[in-house]
2 protein chains.
Amino acid sequence: MAKTIAERADVVPLLAEVLREYGFEGASLAVIGERTGLGKGSLYHFFPGGKEEMAAAVLQEIDRWFEAEVYRPLREATDPRAAIDGMIGAVDDYFRSGRRICLVGAFALDNVRDRFATAVKGYFAEWRSALASALKRAGCAPDQAHSLAEETIIAIQGALVLSRALDDPTVFSRALETTQARLAKAMA
Amino acid sequence: MAKTIAERADVVPLLAEVLREYGFEGASLAVIGERTGLGKGSLYHFFPGGKEEMAAAVLQEIDRWFEAEVYRPLREATDPRAAIDGMIGAVDDYFRSGRRICLVGAFALDNVRDRFATAVKGYFAEWRSALASALKRAGCAPDQAHSLAEETIIAIQGALVLSRALDDPTVFSRALETTQARLAKAMA
DNA sequence: TAAAGTATGTAACGATCGGTACAGTTAGAA
DNA sequence: TTCTAACTGTACCGATCGTTACATACTTTA
């Protein structure tokens, strides 16, 4: 009465998209099942901890992706300016030019924040410190690098909020351009 | 079996705080009843439309407050620079220096956005245009005024996200200072 | 081919959800 | 005091929530 196809790793991206669309509370198991094509049996087979484990797996996958595609390049690239430009491009792709929200940011504003506080805090703390590191190596003074990194992350998160609120992706694109210009100027 | 005390207007601020803490889906009628001190009977007496009407009333009250305390001063003040400084102060107070989130921003990232799209969109659109108006009267070029207004709102919303994510109100305070400096510089 | 382990659909669980119905209590007008 | 309208607590509704249990089917190994 069942076919054996799914892999846990294949399900996580689908879960991520469902959580982005419905939020943690709004993403009922009925919706999750519908969108992933998996029944409750399979879902609880892969994630014995239920919804909480599903969300944790998604957050871990997000962290893994940003670590590989954003944080590590920022920390280790020999050309920090190229790494920063690469970050802008990666962010633009990842958030689909403002059409996709940041799940971690949404969790931060949600009442589930406490439940995933460590993951949420780690995501932003690592991003900020990695970007500050790249800015320092690109010639910024340490304190300017730190505040500029913070400003940049704020701009990205705020742009996602406003883009979505106004239902206008160009808000995000403009903000990303402005941010990139500010970063470039600081490294001049 | 009941005492007649409550006024609808007194309940709305309590509702606002509950929605901020729990989100729309997370704020169950049980929680709402507990926090407002009203039973379901009273709640449905004041808000026959249920949770949806409660949230709508909260959004309307927020809009009313911002219109009176922020938007109108920005649009009509004879001294636009003072109005902009006043906005910064009002925002700092309203969001309790980063310890309180923006309900409208949280709604924008939530799946309830569609249900309250008009209110959410109006809140930010009015803010942006009122601030741009003040900047223009303070001497900014029209297109610069518009982009600077957008940038400012983005910074405020992003700072609320990051502040809450890192559980660090100083992030919000720093962002507000940086924003104020940028606005002052553009009006110089 | 047979056994073992993995994956899956289904049915049911208690709890809680938003919402309704209504009787009872209160306050103010007449 | 009596009447009326506003207000409130309680019980209950069907629906849905996350979760569990379990029989069945598939895949893999031997």
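Order of the sequence lines fixes the chain letters, A, B, ..., with proteins taken first and strands second; residue numbering starts at 1 for each chain.
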*Rounded distance in Å - OH (B:Tyr22) to P (C:dG18)*: 13 Å
_Please give me the minimum heavy-atom distance between B:Ala145 and B:Lys136, naming the atom from each residue._
CB-CG, 3.6 Å
*Could you tell me the separation between the CD atom of B:Glu52 and the P atom of C:dT20, rounded to a whole number of Å?*
13 Å
*How long is the line joining CG of B:Leu15 and C1' of C:dG18, in whole Å?*
15 Å
*asked:* I want to check something: taking the side chain as every heavy atom from C-beta on, are B:Leu74 and B:Leu135 in contact at a cut-off of under 4.5 Å?
replied: no
*Quick one: A:Ile32 CD1 to D:dG18 P, roughly how many Å, whole number?*
7 Å
*Could you check how far CZ of A:Phe24 sits from P of D:dG18, rounded to whole Å?*
8 Å
*What is the ring orientation for A:Phe66 with A:Phe95, classed by angle as parallel under 30°, tilted 30 to 60°, or perpendicular over 60°?*
tilted
*Report the relative orientation of the aromatic rings in B:Trp127 and B:Tyr123; use parallel for angles under 30°, tilted for 30 to 60°, perpendicular for over 60°.*
perpendicular
*asked:* Could you tell me how far apart A:Phe47 (CZ) and D:dG18 (P) are, to the nearest whole angstrom?
replied: 15 Å
*So does A:Ser28 get a side-chain nitrogen or oxygen closer than 4.0 Å to the phosphate oxygens (OP1/OP2) of D:dT16?*
no
*Consider the side chain of B:Ala30, meaning its heavy atoms from C-beta on, and name the nucleotide among C:dC17, C:dT8, D:dT20 that approaches it most closely.*
C:dC17
*Within this structure, what is the CG-to-C1' distance between B:Leu38 and C:dG19, rounded to whole angstrom?*
16 Å
*Look at the side chain of B:Leu29 and decide which nucleotide, out of C:dT8, D:dC7, C:dG19, has an atom nearest to it.*
C:dG19
_Interatomic distance, A:Tyr44 OH vs D:dA23 C1' [rounded to whole Å]_ = 20 Å
*Could you check A:His45 against A:Lys40 and say which one's nearest nucleotide on DNA chain C is further toward the 5' end?*
A:His45
*asked:* Let me spell it out: for each of A:Gly41 and B:Gly39, pick the nucleotide of DNA chain D with the closest heavy atom. Which residue's pick is nearer the 5' end?
replied: B:Gly39
